[in-house]
Engineer: 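Quick one: this structure, given as structure tokens, is what I'll be asking you about.
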Amino acid sequence: MPEKNLITAIHDTLQEEMRRDDRIVILGEDVGARGGVFRATMGFLEEFGDERVLDTPLDETLIAGVSIGMALDGLLPVAEMQFADFIFPAFNQIIQEAARIRYRSNGDFGVPMVIRTPYGGGVHGALYHSQSIESFFAHVPGLKVVAPSTPYDARGMLIQAIRDPDPVLFLEHKKCYRLIKGEVPEERYNIEFGKAEVRRRGSDVTCVSYGLMHHFCVEAAERLSKDGIEVEVIDLRSIYPLDIDTVLESVGKTGKAMVVYEDNKFLGVGAEVSAQIAEHALFDLDGPVVRIAGPHVPAMPFAPTLEHWFLPDADQIEQEMRKLAEF
Amino acid sequence: MAKARDLHTDLGLKEEDLIEMYRYMLMARGCDERQWALNRMGKAPFVVPVSGHEAAQVGSAWAFEKGKDVFCPYYRDMALVLVAGFTPKDVFLGLFGKKDDPSSGGRQMPAHWGAKDRNIITGSSPIATQVLHAAGIAYSKKLKREDAVVGTWFGEGGTSEGDWHGAMNFAGIHKLPLVFVCENNQYAISVHESKQVAGSVHARAQGYGFPGHVGDGNDVLECYRLTKEAVDRARAGEGPSLLELRTYRFFSHTSDDDDRTYRSKEEVDEWKAKDPIPRFENYLKAVEVIDDKKVEELREQTKTQVAEGAKAAEEAEFPDPATAADHVYGDREVV
């Protein structure tokens, strides 16, 4: 089975899907001639032509709005927002239109579109190339928001996203693009949204995360294992739909829960996961639900010292895991 | 009196077309009058009037082919959606928020039109978002080599939105089969055109590399002529056009607005004197397509249709709250 990094898995899967289904259209800034600033669509223009691989004007609102129109007419647009930080001009089109069209038309229309976007920090991207945007979008019914953290999941979830009947925000962590490698089968498979993956079994603490943080959590858990502390590490993979059942089942076993995410802590994914644990598993808990997350500053700063201060790392996670295990 | 000069035959319009166009204008006006009455009776909480825009909407809509072309309207387009396949009853089902409202099953406010089976794309309240959808649909039609033209309608206020400029730009770049129709009634709620539009709406097309035309939006034949040329051009693969149809709304923006706070009675009266319906009626009589008797007959028919539609809609069922969480997603339940 070939080993690939995350971006290669995405590139290859997208390419295969485009070969299979000529309804798929790629659009975004620099996706054509340049093949995407992260090379996700490298070679696509040559293979599929400029009708199916569109270099759009520098207008994120347009990218979202035109994708909606394409989807309404039976195409399967896979749009790229060059950086998640630049998605906000398109917020209105995504929230008010893509998310609400099925509901507002009483099921008459649907918008099967994918918006892929690189997000997250740890790449010297500073305020405007490091943001996590999942909470803004996961808040809104009608959207699906997913964040695969491994090449295997990226392939299966991208295939799912393209065939999904609803708009999907497909978040790709920039730091994971080349850092994270793994085996990716050649065959076509899909991973249903709303199914978390327990990556590591443990009985002392439940640790919930996604994206880059998930890899830090696994690292921290491995270290603690040497001291006899066994942490169960869950990769959510999909923010909405959220697989709370897998989380609750684990918490029922460990009695301790922590949520790790690099987005701002306040009203982030950790707030929702914690609340649902409190609602459904209060009497299973033997300690407070802990959140490790980005601090309440507007975004990640540039200088290495400041970026390090912002982003949770394996050391910090290990420390908090230990504290919670010993609580 | 001698028969007046025929202006319609050269446009390809037959007498049946003219009578139908006139009938739709009457129908829209009739629905509008009825919805205001229902509003005053306390039976309809929210009304978006169309009166004054009938020529612009019917004239432009008539240039498209039903069943093939696509309509992306905005909230004032009642006459347009009537031409595209709504019945007066459909309009009132939406007005009352009833279960069988074709646009949304009672989910949206009135006048947020949409019906897949009539190629009318669902719309929202934020302004000009539909213009980008129209561009995406037009791109899709072109990609699929389908013989279809997309029309999108908006007010002059909509031309300030980034979405509108993005769609114009995209349509120009890709030479899309798309017709942009601005119903310029000179007011975006209270804001006058002079504070909304630098230069003029139709001139903006030049910056995007395709033609823009301005016309008298209260002259239904002129609205048809301009739109037909634009639709033909789009169908021939020659790209988009922008039309600015200058008109006026006779009533407030909606039933929640009071236009006396921003425009004078004199100005409103001046425009009411240019009412597109009597104007078309006079033409039709002058070219001897209709006479007083025919006018009376059409008015009676329309009146009955409107009254019956309103009554049937009023008596229709409201949606069941048990369905309120349906259709959030295409493949999963949320409740």
Side-chain angles (χ1 to χ4, degrees), chain A residues 22-23 25 27 49-52 54-75 77 79 89-90 92-93 95-113 140-144 163-167 192-194 240-241, chain B residues 70 72 99-108 112 114-117 120-126 128-144 146 148 150 152 161-163 165-167 169-174 176 319 323-332 334:
Chain A
D22 59 16
R23 293 174 300 167
V25 172
L27 64 163
D50 64 2
E51 279 190 302
R52 290 183 65 203
L54 282 82
D55 271 326
T56 64
L58 217 164
D59 181 346
E60 291 78 15
T61 309
L62 179 159
I63 295 169
V66 161
S67 296
I68 292 167
M70 289 172 165
L72 288 170
D73 198 52
L75 297 181
N92 192 55
Q93 281 287 348
I95 300 301
Q96 303 272 37
E97 304 297 326
R100 298 190 164 133
I101 278 176
R102 185 183 299 283
Y103 186 77
R104 80 178 186 219
S105 67
N106 205 19
D108 203 12
F109 294 92
V111 185
M113 64 185 269
V140 180
L143 295 178
K144 291 165 182 167
R163 59 193 251 175
D164 199 278
D166 297 309
E192 211 181 309
F193 294 154
Y240 192 93
Chain B
V70 180
C72 297
K99 175 171 78 69
D100 292 330
D101 154 36
S103 300
S104 76
R107 289 176 171 199
Q108 293 225 73
H112 290 57
K116 196 174 183 177
D117 61 4
I120 302 168
I121 304 300
T122 169
S124 63
S125 304
T129 51
Q130 80 281 6
V131 183
L132 274 173
H133 306 165
I137 295 167
Y139 187 91
S140 173
K141 296 298 185 197
K142 190 176 179 194
L143 179 74
K144 294 190 275 187
E146 269 182 44
V150 182
T152 184
E161 293 281 5
D163 298 50
H165 288 273
N169 188 29
F170 191 75
I173 289 168
H174 294 284
L176 298 180
T323 64
D326 291 353
H327 306 302
V328 178
Y329 293 97
D331 64 351
R332 56 193 300 116
V334 292

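All chains are named by letter (A, B, ...) in the order of the sequence lines, taking the proteins before the strands, and each is independently numbered beginning at 1. Quick caveat: nothing in here was measured; it's all calculated off a predicted structure. What's counted below: heavy atoms across the whole structure, side chains too, no hydrogens, waters or symmetry copies.
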Engineer: Given that the side chain runs from C-beta out, which part of K141(B) has a heavy atom under 4.5 Å from chain A: side chain, backbone, both or neither?
Structural biologist: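 Both backbone and side chain.
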Engineer: Taking only residues two or more places apart in sequence, or in another chain, which ones meet T61(A) in a side chain to side chain donor-acceptor pair (under 3.5 Å)?
Structural biologist: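 Result, side chain to side chain donor-acceptor pair (under 3.5 Å) vs T61(A): none returned.
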Engineer: Given a strict heavy-atom distance threshold of 4.5 Å, which part of L54(A) is in contact with chain B: side chain, backbone, both, or neither?
Structural biologist: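 Looking at L54(A), just its side chain touches chain B.
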Engineer: With a 4.5 angstrom heavy-atom cut-off, is it the side chain or the backbone of N169(B) that approaches chain A, or both, or neither?
Structural biologist: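 Interface part for N169(B): side chain.
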Engineer: Using non-hydrogen atoms and a 4.5 Å limit, figure out which bit of F193(A) sits close to chain B: side chain, backbone, both or neither.
Structural biologist: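 Contact with chain B involves the backbone of F193(A) alone.
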Engineer: If you count heavy-atom pairs within less than 4.5 Å of chain A, which of I121(B), V334(B), D326(B) leads?
Structural biologist: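 Among the listed options, the one with the most contacts to chain A is I121(B).
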Engineer: Report the C-alpha separation of E97(A) and R104(A) in whole Å, then their side-chain angles, then the decisive distance to 0.1 Å, and conclude whether the side-chain contact (heavy atoms from CB on, under 4.5 Å) test is met.
Structural biologist: CA-CA 9 Å; E97(A) 304 297 326; R104(A) 80 178 186 219; 2.9 Å; yes
Engineer: How about P77(A) and M113(A): do any of their side-chain heavy atoms sit closer than 4.5 Å?
Structural biologist: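 They are in side-chain contact.
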Engineer: Might you point out which heavy atoms bring L176(B) and F170(B) nearest each other, and give the distance in Å?
Structural biologist: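 Shortest heavy-atom contact: CD1-CD2, 3.7 Å.
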Engineer: Is any side-chain heavy atom of L143(A) closer than 4.5 Å to a side-chain heavy atom of D166(A)?
Structural biologist: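 Side-chain contact under 4.5 Å: no.
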Engineer: For chain B, which candidate among P241(A), P167(A), A64(A) shows the most heavy-atom pairs at distances under 4.5 Å?
Structural biologist: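 Highest number of heavy-atom pairs under 4.5 Å: P241(A).
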Engineer: Within the 3.5 Å criterion, strictly below it, is a donor on S124(B) or R100(A) matched to an acceptor on the partner's side chain?
Structural biologist: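 Checked: S124(B)/R100(A) side chains show no N/O donor-acceptor pair below 3.5 Å.
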Engineer: Heavy-atom pairs under 4.5 Å with chain A: which of E146(B), H112(B), H327(B) has the most?
Structural biologist: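 Between E146(B), H112(B), H327(B), the count favours H327(B).
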Engineer: Check the pair T56(A) / V66(A) against side-chain contact (heavy atoms from CB on, under 4.5 Å), numbers first and verdict last.
Structural biologist: CA-CA 10 Å; T56(A) 64; V66(A) 161; over 6 Å; no
Engineer: Highest number of heavy-atom pairs under 4.5 Å with chain B: which of V25(A), I68(A), L27(A), D22(A)?
Structural biologist: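 Of V25(A), I68(A), L27(A), D22(A), I68(A) has the most heavy-atom pairs under 4.5 Å with chain B.
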Engineer: I want to check something: taking the side chain as every heavy atom from C-beta on, are V131(B) and D163(B) in contact at a cut-off of under 4.5 Å?
Structural biologist: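 Counting from C-beta outward, V131(B) and D163(B) never come under 4.5 Å.
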Engineer: Checking heavy atoms, do the side chain of Y329(B), its backbone, both or neither come under 4.5 Å from chain A?
Structural biologist: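 Both parts, heavy atoms under 4.5 Å.
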Engineer: Restricting to non-hydrogen atoms, name the atom on D164(A) and the atom on P112(A) that form the minimum distance, rounded to 0.1 Å.
Structural biologist: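 Closest pair (atom of D164(A), atom of P112(A), distance): O-CB, 3.5 Å.
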Engineer: Below 4.5 Å from any heavy atom of chain A, which atoms of T129(B) appear? Answer side chain, backbone, both or neither.
Structural biologist: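 It is both, since atoms from each part get that close.
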Engineer: Heavy-atom cut-off 4.5 Å, strictly under: side chain, backbone, both or neither for D108(A) against chain B?
Structural biologist: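 Both parts, heavy atoms under 4.5 Å.
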Engineer: Non-hydrogen atoms of chain B under 4.5 Å away: do they reach the side chain of E51(A), the backbone, both or neither?
Structural biologist: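 Both backbone and side chain of E51(A) come within 4.5 Å of chain B.
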Engineer: Given that the side chain runs from C-beta out, which part of H165(B) has a heavy atom under 4.5 Å from chain A: side chain, backbone, both or neither?
Structural biologist: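 H165(B) has no heavy atom closer than 4.5 Å to chain A.
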Engineer: For the interface with chain A, which of A135(B), A325(B), P102(B), A115(B) has the highest count of heavy-atom pairs at distances below 4.5 Å?
Structural biologist: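 It is A115(B).
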